[in-house]
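Because only heavy atoms are used, hydrogens play no part in the values below, and waters and symmetry mates are left out as well, while side chains stay in.
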Amino acid sequence: GSSVLAFASYGIAGDPPVVLLHGWPLDRSLWAAVASDLVAVGYRVVCPDLPGFGASPPLAPDDWTVEAYADEVAALLVSLGSGPVPVAGHSFGGYVALALADDHADLLAGLGLIASRTSADSDTTRAGREATIAQVRAQGTRALLPGLAAKLLAPTAAPELRLRAERLVGACPPEAVLAGLAAMVARPDRGFVLEEFARPLLVVHGTSDQIIPAAEAANPSRSRGVTRRLLEGIGHLPMWEAVSETAGAVAAWAHATRGP
């Protein structure tokens, strides 16, 4: 169907597009600094709000799955009318990007995972998410703070970034928080998608990520056609903590999707 997602578009309409998906429980503003760097090197950057986040309408509770989020992104990609585009997702957005590559591979010129992973939740992680769901149902989004905002960044990150993270998390509607958690709990392992995806891959991960440890980072077995950056001392928000390095990695990968 036609796309209902709100999105920010940076750059000039005719330039080659790159689509960046935000993580949970955040919104499209996450990418502003990286988008600005990418525009400077000739890309048009499209950053949607995933359903229920930012200004996008929510999914029905029966559709709280990464596949349903991916279907909404697919409708946006079709509406852009640019043919296959490189799509990178941060964390939860990476899970959505993997589902997109699984169900709508023809729409993707490249697949990027930034501070994300391909595996399903462990039993421990799943139990933790179920506990968080109960807390958020009882207390709203504030149940996530201040703990989540602190964990999103490396311990050494600037205090103003922590404040920014707190504001962004705090603004997330409780329903979007719950929908994302439910989708994460239910998602399958998609390591096979990374292995079978034949177009350029991007993997960016910080060594100080406190949400998804670097040991769990997406790890494609091939090296050809893979842009890989392990960022020393960077946490779960490399697009804030290491803007130029993250933008540089995205640009190198996006360039690779355009052929030799």
Side-chain angles (χ1 to χ4, degrees), residues 20-26 30 50-53 58-74 87-105 107-108 110-137 143-144 147-148 151-152 169 172 175-199 201-222 226 228 230 235-238:
L20 301 177
L21 308 179
H22 66 81
W24 170 96
L26 309 166
L30 188 73
L50 291 172
F53 298 91
L59 296 169
D62 289 350
D63 291 335
W64 287 0
T65 65
V66 289
E67 295 78 17
Y69 287 94
D71 289 345
E72 295 296 335
V73 175
V87 177
H90 168 247
S91 195
F92 172 68
Y95 308 153
V96 175
L98 282 163
L100 196 61
D102 198 2
D103 296 340
H104 306 277
L107 298 177
L108 299 192
L111 170 63
L113 299 177
I114 297 175
S116 196
R117 61 183 151 204
T118 58
S119 53
D121 279 353
S122 66
D123 291 343
T124 312
T125 304
R126 197 170 281 130
R129 292 203 209 280
E130 301 283 8
T132 305
I133 286 171
Q135 285 176 306
V136 173
R137 284 201 194 283
L144 302 175
L148 180 59
K151 282 185 79 175
L152 283 171
V169 171
C172 189
E175 189 188 20
V177 173
L178 295 169
L181 284 164
M184 287 189 272
V185 164
R187 79 184 193 283
D189 183 288
R190 282 201 163 93
F192 69 93
V193 174
L194 203 64
E195 294 306 313
E196 291 169 7
F197 190 80
R199 292 170 175 183
L201 294 172
L202 169 69
V203 176
V204 176
H205 217 97
T207 61
S208 298
D209 192 320
Q210 302 184 82
I211 302 274
I212 300 177
E216 293 177 30
N219 191 19
S221 60
R222 74 176 205 246
V226 180
R228 202 187 302 244
L230 192 61
H236 196 60
L237 300 181

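- Ring pair H236/H90 is tilted by interplanar angle, where 30° to 60° counts as tilted.
- Atom CG of L152 is separated from atom CD1 of I211 by 5.0 Å, given to the nearest 0.5 angstrom.
- Distance check, rounded to the nearest 0.5 Å: SG of C172 to CG of L178 gives 9.5 Å.
- Counting all heavy atoms, side chain and backbone alike, R222 lies closest to V226 at O-CG2, 3.4 Å.
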Practice task
Let me see the working for Y69 and V73 under side chain to side chain contact (heavy atoms under 4.5 Å, CB included), right down to the final yes or no.
Solution key: CA-CA 6 Å; Y69 287 94; V73 175; 5.6 Å; no
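- Minimum interatomic distance between A218 and T118 (heavy atoms only, all atoms of both residues): CB-CG2, 4.2 Å.
- A donor-acceptor contact shorter than 3.5 Å is absent between the side chain of R126 and the backbone of A120.
- Taking every heavy atom of both residues into account, A97 and G112 meet most closely at CB-O, 4.3 Å.
- Between G52 and A176, the closest heavy-atom pair is O-CB, 3.2 Å.
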Only pairs under 3.5 Å count here: list side-chain donor-acceptor contacts from residues 180-193, not counting sequence neighbours, and write none if there are none.
unit_1 : atom_1 : unit_2 : atom_2 : d
R187   : NH1    : D121   : OD1    : 2.7
R187   : NH1    : M184   : O      : 3.0
R187   : NH2    : S119   : O      : 2.8
R187   : NH2    : D121   : OD1    : 3.3
D189   : OD1    : G191   : N      : 2.8
R190   : NE     : D102   : OD2    : 2.8
R190   : NH1    : E67    : OE2    : 3.2
R190   : NH2    : E67    : OE2    : 2.8
R190   : NH2    : D102   : OD2    : 3.4

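- Rounding to the nearest 0.5 angstrom, the gap separating the CG atom in L108 from the CZ atom in F197 is 5.0 Å.
- Heavy atoms only, all atoms of each residue included: L21 and G93 are closest at CD1-O, 3.6 Å.
- Taking CG from L148 and CG from L26, the interatomic distance works out to 7.5 Å, rounded to the nearest 0.5 Å.
- Considering N219, L230, L113, I114 in turn, L230 is the only one that fulfils the side-chain contact (heavy atoms from CB on, under 4.5 Å) rule with H205.
- With rounding to the nearest 0.5 angstrom, the CG atom of L30 is 8.5 Å from the NE2 atom of H22.
- To the nearest 0.5 angstrom, Y95 atom OH is 10.5 Å from W24 atom CH2.
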